[in-house]
Engineer: 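Got a structure here, written out as structure tokens. Questions coming.
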Amino acid sequence: MTDRHDWLRVCAREDIPVLGARIVRREGRDDVALFRTQDDHVFAVVDRCPHRGGPLSQGIVHGRSVTCPLHGWNIGLDDGQAVAPDVGCARVFQVREHDGDVYLRRDELFAQDSPVALACSA
């Protein structure tokens, strides 16, 4: 894996259940939820629904989306966007996999969250 110092190993892929989630704790900031889809892709999204802050990690994974357990909003795992008619987004994190392990970018993981940092990219 290139630029290995820029990436932090957070778990093994097998630690994330298929159609489930695992939490990466961040002291003083919102946790990150790792999701594993039925087609075996891993995504990382801030563990906070853009609607009312529900824990996305406790939601139901379907396709490449997760349904928030509080009010049923569907959030795209690849871009963090709420599915219409809902509007909003959750911050997504870059994910790399290597030799069965899952990595997140250090700069994204340890960045101080701010309104700008939490904005979804277009």
Engineer: Which atom names give the shortest non-hydrogen contact between F43 and T37, and what distance separates them?
Structural biologist: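 What the structure gives for the nearest pair is CE1-CG2, 3.7 Å.
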Engineer: If you define the side chain from C-beta out and look only at heavy atoms, does anything of L8 sit under 4.5 Å from F110?
Structural biologist: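 Sidechains of F110 and L8: in contact.
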Engineer: Under 3.5 Å, is there a donor-acceptor pair linking the side chains of R64 and H41?
Structural biologist: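 Yes, a side-chain donor-acceptor pair sits under 3.5 Å.
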Engineer: If only atom types and distance count, is the side chain of R105 paired as donor or acceptor with the main-chain N or O of F93 below 3.5 Å?
Structural biologist: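 Such a contact is absent between R105 side chain and F93 backbone.
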Engineer: As an exercise, state the distance from CG of D30 to CZ of R48, rounded to the nearest 0.5 Å.
Structural biologist: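 CZ of R48 is found 5.5 Å from CG of D30.
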Engineer: Using side chain to side chain contact (heavy atoms under 4.5 Å, CB included) as the criterion, list what pairs up with P17, not counting sequence neighbours.
Structural biologist: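 By the side chain to side chain contact (heavy atoms under 4.5 Å, CB included) rule, P17 matches no residue at all.
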Engineer: What pairs with R36 under salt bridge (charged side-chain N to carboxylate O under 4.0 Å, His left out), at least two apart in sequence or on another chain?
Structural biologist: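 With neighbours one apart ignored, the set is E14, D40.
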Engineer: Would you name the heavy atoms of C11 and L34 that are closest together and state the gap between them?
Structural biologist: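 Distance-wise, the nearest heavy atoms are SG-CD1, 3.7 Å.
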Engineer: Would you say V92 and D79 make side-chain contact, with heavy atoms under 4.5 Å?
Structural biologist: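 Sidechains of D79 and V92: no contact.
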Engineer: Rounded to the nearest 0.5 Å, how far apart are CG of L104 and CG of D6?
Structural biologist: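 CG of D6 is found 13.0 Å from CG of L104.
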Engineer: Between L19 and V61, is the side chain to side chain contact (heavy atoms under 4.5 Å, CB included) condition met? List the steps.
Structural biologist: CA-CA 5 Å; L19 297 178; V61 178; 4.0 Å; yes
Engineer: Think R106 forms a cation-pi with W7, using NZ or CZ under 6.0 Å from the six-ring centre and within 45 degrees of its axis?
Structural biologist: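 Not satisfied by the 6.0 Å and 45° rule.
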Engineer: What I'd like to find out is whether the side chain of L70 reaches to under 4.5 Å of the side chain of C49, using heavy atoms alone.
Structural biologist: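 No, too far: nothing below the 4.5 Å cut-off.
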Engineer: So, do C68 and I75 sit near enough that their side-chain heavy atoms are less than 4.5 Å apart?
Structural biologist: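 Heavy-atom side-chain distance check fails, nothing below 4.5 Å.
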Engineer: Using a 3.5 Å distance criterion without hydrogens, assess whether the side chain of D47 forms a donor-acceptor pair with backbone atoms of L56.
Structural biologist: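 Judged by distance alone, yes, a pair lies under 3.5 Å.
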Engineer: What residues form a ring pair (Phe, Tyr, Trp, His ring centres under 6.0 Å) with H62, not counting sequence neighbours?
Structural biologist: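 So H62 forms no ring pair (Phe, Tyr, Trp, His ring centres under 6.0 Å) with any residue.
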Engineer: In terms of hydrophobic clustering (I, L, V, M, F, W, Y; side-chain heavy atoms under 4.5 Å; direct or indirect links), are V24 and V46 co-clustered?
Structural biologist: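 Yes, because V24 and V46 connect within a single hydrophobic cluster, where side-chain heavy atoms sit under 4.5 Å apart.
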Engineer: Taking all atoms of both residues into account, what is the closest heavy-atom pair of C89 and Q81, and its distance?
Structural biologist: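 Shortest heavy-atom separation between C89 and Q81 comes out as CB-NE2, 3.7 Å.
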Engineer: Applying salt bridge (charged side-chain N to carboxylate O under 4.0 Å, His left out), name anything that partners R25, two or more places apart in sequence or on another chain.
Structural biologist: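 Result, salt bridge (charged side-chain N to carboxylate O under 4.0 Å, His left out) vs R25: D31.
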Engineer: Looking at every non-hydrogen atom in both residues, tell me the closest pair between V102 and A12 and how far apart they are.
Structural biologist: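 Here V102 and A12 meet closest at CG2-C, 4.3 Å.
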Engineer: Check G76 against S65 and note the closest heavy-atom contact, atom names and distance.
Structural biologist: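 Shortest heavy-atom separation between G76 and S65 comes out as CA-OG, 4.1 Å.
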Engineer: Relative to each other, are the rings of W73 and H51 parallel, tilted or perpendicular (30° and 60° limits)?
Structural biologist: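 Taking H51 first and then W73, their aromatic rings lie parallel (interplane angle under 30°).
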Engineer: Just to verify, what does D78 make a salt bridge (charged side-chain N to carboxylate O under 4.0 Å, His left out) with, not counting sequence neighbours?
Structural biologist: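 Checked D78 against salt bridge (charged side-chain N to carboxylate O under 4.0 Å, His left out); zero matches.
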Engineer: Check side-chain hydrogen bond (donor to acceptor under 3.5 Å, both in side chains) between Q38 and all other residues, then give those that pass, not counting sequence neighbours.
Structural biologist: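 Checked Q38 against side-chain hydrogen bond (donor to acceptor under 3.5 Å, both in side chains); zero matches.
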Engineer: Is the side chain of E108 donor-acceptor paired with the backbone N or O of Q94 at a distance under 3.5 Å, no angle test?
Structural biologist: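 Flag set: sc E108 to bb Q94 pair under 3.5 Å.
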Engineer: Using a 4.5 Å cut-off on heavy atoms from C-beta on, say whether the side chain of V45 contacts that of V66.
Structural biologist: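 The answer is no, as the side chains (C-beta and beyond) never meet within the 4.5 Å cut-off.
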